[in-house]
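Below is one structure, written out as structure tokens; the observations come after it.
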Amino acid sequence: MNKKNKTVWQTRFNNETSLIFQNLGSSIDVDKRLYKQDIESSIVHTSMLGKQKIIDKKKANKIIKGLKKIKNEIKNNKFVFQKKYEDIHLNIEKRLFGIIGDDAGYMHIARSRNDQVITDFKMWLLDATKEIINDLNILIKIIIKKSEKNVKTLMPGFTHLKNAQPISFAHYLLAYVEMFKRDKKRFLNNMENLLENPLGVAALAGTSYKINRSYTSKKLGFKKPTNNSIDTVSDRDFALDFLSSTAICSLHISRVAEELIIWISDAFNLIKLSDKVLTGSSIMPQKKNPDPLELLRGKTGISFGSLNSMLTVLKGLPLSYFKDLQDDKEIVFNSFDNLKKSIVILIEVINNLQPNKKRMLELANEGFTTATDFADYLVQNKKMSFRNAYKASAKLVNYAEKKNKKLNKLSLNEVNNLKLNLSKDVLKVFDIYNSINLKSSYGGTSFKNIKKMIKKYKKEIK
Ligand code: ARG
């Protein structure tokens with residue numbers, strides 16, 4: 001075998017790595033996705049080595065020029081990735097030797113792949129995190145837009161999936177906004193750990209060269225260098241943070257998806273989706289199924305699995321680096337790709353969703369949804385305790401149920417069977433518009449509140 005094809009450790013080895021092991025050990029198919037970050041961090045590392053006079057500037061410039069050339073080669077699909085060189089770091093280093101010759105050997109002074117890989121990975125995750133936050137912003141805006149059009153669309157709110165109290169459809173949608181806003185915050189919080197620069201801790205003990213970690217931090221967009229070299233090469237909490245935020249965000253997406261699946265069912269029939277986001281059946285000609293929503297729900301299982309995989313990979317590892325850690329990237333990349341796809345699909349679904357206003361209104365009146373309003377009326381107008389008022393209202397519901405009547409169809413006489421001597425104005429408590437408008441406590445469903453909230457969200461987001 002000629003020198004050109006050797007791995008960096010070949011001098012120490014009597015045999016080449018078996019092809020069978022190469023297939024397992026090589027991560028290049030996955031981590032080539034880090035090529036931009038790898039080249040950027042190598043450029044900054046090299047320029048730091050030059051600045052610190054650890055290598056001479058001419059060599060540094062030669063290395064940097066070579067690295068830029070490699071970047072172009074990869075961008076233009078001219079680069080041949082080889083499993084033999086394991087990962088993106090050694091593939092690039094190998095190619096650098098091919099381009100600039102032996103001076104390439106000065107690049108890896110004062111670093112190890114252990115710090116290199118997490119530097120690249122953290123840089124990638126910073127971008128990925130920003131991308132997800134941006135996607136969530138788009139999603140939130142779409143939901144707000146839908147809410148604006150549906151402030152006066154009335155529907156039943158559910159607890160236990162039983163009709164509970166009348167609410168505005170917009171208020172419901174804005175609940176999703178809160179969920180996705182929390183997700184955004186979670187991703188944002190993760191950035192604090194991501195912004196600590198691992199580069200320069202080398203294999204695990206630090207280095208004897210007079211490197212400048214503040215310089216590389218600044219140039220690579222980190223806030224500061226990490227504090228402990230051993231922890232640095234072992235730490236994958238930042239990956240866990242991303243995966244757990246992703247899992248929780250997916251969980252939210254799944255809950256929304258599940259809800260919409262229920263609502264689009266023939267039994268509920270609360271919403272309609274345009275054909276753009278439905279699929280047909282191969283046997284039943286009449287069918288229009290909400291497959292995209294079901295896929296969103298399903299993808300969430302995969303997302304939970306990713307978090308669990310990473311936790312499991314880490315749970316048995318003493319300090320510091322072990323090859324087990326190599327699989328972190330595949331797990332995170334998959335999780336990112338799935339979440340991104342899911343957000344895009346959810347945006348498409350919401351854009352293609354229409355409430356079935358007639359059915360919503362009908363259901364809002366079903367199930368005695370204003371029974372609590374009646375109890376509240378008795379507390380507020382008859383000075384009753386809530387418990388007594390609750391009992392009176394329960395009796396009225398029993399009566400209405402027996403008569404097969406909705407509460408808003410009862411006459412004053414029937415209401416006064418309760419012997420509470422109520423005046424005619426009591427009847428308006430059974431009106432669902434009235435019910436909604438009375439829910440004016442902060443965060444409640446009154447139209448006025450909703451309009452204020454929409455304004456607040458819009459201001460926040462732009
Ligand atoms: N591809 C490796 C990974 O992702 C890079 C670090 C290799 N370090 C080592 N000591 N073998 O984990």
Side-chain angles (χ1 to χ4, degrees), residues 7-9 12-13 17-34 37-38 41 83 85-90 111-126 128-129 186-187 189-207 225-251 299-339:
T7 56
V8 289
W9 46 77
R12 169 90 171 109
F13 281 57
T17 317
S18 88
L19 282 180
I20 293 173
F21 170 60
Q22 227 178 68
N23 266 330
L24 175 74
S26 163
S27 58
I28 188 63
D29 289 343
V30 173
D31 60 27
K32 64 180 171 197
R33 205 162 158 173
L34 294 175
Q37 289 79 6
D38 196 66
S41 66
K83 278 206 158 99
Y85 304 126
E86 274 200 6
D87 54 27
I88 186 65
H89 324 293
L90 291 180
R111 75 171 185 191
S112 147
R113 277 186 300 161
N114 294 355
D115 57 340
Q116 191 180 355
V117 69
I118 24 180
T119 304
D120 298 353
F121 196 20
K122 277 185 159 185
M123 286 165 68
W124 185 91
L125 268 168
L126 274 165
T129 299
R186 225 169 267 119
F187 281 108
N189 288 342
N190 294 344
M191 290 178 81
E192 200 178 325
N193 283 337
L194 285 174
L195 284 169
E196 290 190 7
N197 176 21
L199 193 60
V201 303
L204 82 160
T207 177
T226 52
N227 287 323
N228 181 295
S229 57
I230 304 172
D231 171 58
T232 302
V233 295
S234 330
D235 166 36
R236 293 297 182 277
D237 291 2
F238 62 89
L240 285 177
D241 286 340
F242 183 82
L243 292 168
S244 76
S245 305
T246 301
I248 297 172
C249 184
S250 308
L251 164 90
K299 291 259 177 276
T300 301
I302 298 173
S303 171
F304 291 2
S306 296
L307 172 60
N308 208 29
S309 297
M310 195 66 227
L311 288 166
T312 311
V313 166
L314 290 170
K315 75 174 267 291
L317 295 187
L319 307 179
S320 65
Y321 180 84
F322 290 89
K323 197 67 169 223
D324 312 44
L325 294 169
Q326 178 162 276
D327 281 328
D328 57 358
K329 287 166 290 297
E330 186 167 2
I331 297 172
V332 166
F333 291 163
N334 279 342
S335 201
F336 167 80
D337 291 341
N338 270 335
L339 181 62

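Residues take their numbers from the sequence shown, with the count starting at 1. Basis for what follows: all heavy atoms, side chains included, without hydrogens, waters or symmetry-related copies.
In plain terms, the two heavy atoms of Asp31 and Ile88 that are nearest each other are OD1-N, 3.0 Å. The shortest non-hydrogen separation linking Leu199 to Thr119 is N-OG1, 3.3 Å. Across all non-hydrogen atoms, the minimal contact from Val233 to Ala202 is CG1-O, 3.6 Å. When every heavy atom of Gly25 is checked against every heavy atom of Lys323, the shortest pair comes out as O-CE, 4.1 Å. The nearest pair of heavy atoms linking Ser335 to Thr246 is OG-CG2, 3.4 Å. Among all heavy-atom pairs drawn from Thr300 and Ser250, the shortest one is OG1-O, 3.0 Å.
Proximity of a side-chain donor or acceptor of Ser229 to a complementary backbone N or O of Leu204 within less than 3.5 Å is detected. Listed for the Asp237 side chain is no donor-acceptor partner under 3.5 Å among the backbone atoms of Leu240. Judged by distance alone, with hydrogens and angles left aside, the side-chain atoms of Ser18 form a donor-acceptor pair with the main-chain N or O of Phe21 at under 3.5 Å. Asp115 places a side-chain N or O within 3.5 Å of a backbone atom of Gly200 that can act as its donor or acceptor partner. Judged purely by atom type and a 3.5 angstrom limit, Lys83 has no side-chain atom pairing as donor or acceptor with the backbone of Leu19. Of the possible donor and acceptor atoms, none in the side chain of Ser26 sits under 3.5 Å from a partner among the backbone N and O of Asn23.
Using cut-offs of 30° and 60° on the angle between ring planes, the pair Phe238 and Phe121 is perpendicular.
In this structure, Met191 CE and Asp241 CG are separated by 12.5 Å, a value rounded to the nearest 0.5 Å. Within the model, atoms CG of Asn308 and OG1 of Thr312 stand 4.5 Å from one another, a figure rounded to the nearest 0.5 Å. Annotation: the span from Leu314 atom CG to Asp235 atom CG amounts to 9.0 Å, rounded to 0.5 Å. Going from atom OG of Ser234 over to atom CG of Leu317 covers 8.5 Å, rounded to the nearest 0.5 Å. To the nearest 0.5 Å, atoms CD (Gln22) and CD1 (Ile28) are separated by 12.0 Å. If you take OG on Ser309 and CG on Asp327, they are separated by 9.5 Å, rounding to the nearest 0.5 Å.
A 4.5 Å side-chain heavy-atom check between Ile331 and Asp328 finds every atom pair outside the cut-off. Side-chain contact between Arg113 and Glu86: present, with at least one pair of heavy atoms (C-beta onward) separated by less than 4.5 Å. Inter-residue side-chain proximity for Cys249 and Phe187 is flagged as met; some heavy-atom pair is nearer than 4.5 Å. Contact of the Arg236 side chain with the Ile118 side chain is registered, since non-hydrogen atoms from C-beta on lie closer than 4.5 Å. Residues Lys329 and Val117 meet the side-chain proximity criterion, which asks for heavy atoms closer than 4.5 Å. Side-chain contact between Phe242 and Met310: absent, with no pair of heavy atoms (C-beta onward) separated by less than 4.5 Å. For the pair Asn227/Thr232, no side-chain contact is recorded, criterion being any heavy-atom separation below 4.5 Å from C-beta on. The side-chain heavy atoms of Trp124 and Asp120, taken from C-beta on, include no pair separated by under 4.5 Å.
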Given the rule in the side chain to side chain contact (heavy atoms under 4.5 Å, CB included) test, do Leu126 and Thr129 qualify, once you have shown the distances and angles that lead to the verdict? CA-CA 5 Å; Leu126 274 165; Thr129 299; 5.8 Å; no
* To do: Run the numbers on Phe304 and Leu251 for side chain to side chain contact (heavy atoms under 4.5 Å, CB included), then give the verdict.
  => CA-CA 8 Å; Phe304 291 2; Leu251 164 90; 3.8 Å; yes
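If you check the side chains of Asn190 and Ser245, you find a donor sitting under 3.5 Å from an acceptor.
A salt bridge is defined here as a Lys NZ or Arg NE, NH1 or NH2 lying under 4.0 Å from an Asp or Glu carboxylate O, and Arg33 with Asp337 meets this definition.
Just one of Asp231, Thr207, Thr226 meets the side-chain contact (heavy atoms from CB on, under 4.5 Å) condition when paired with Val201; it is Thr226.
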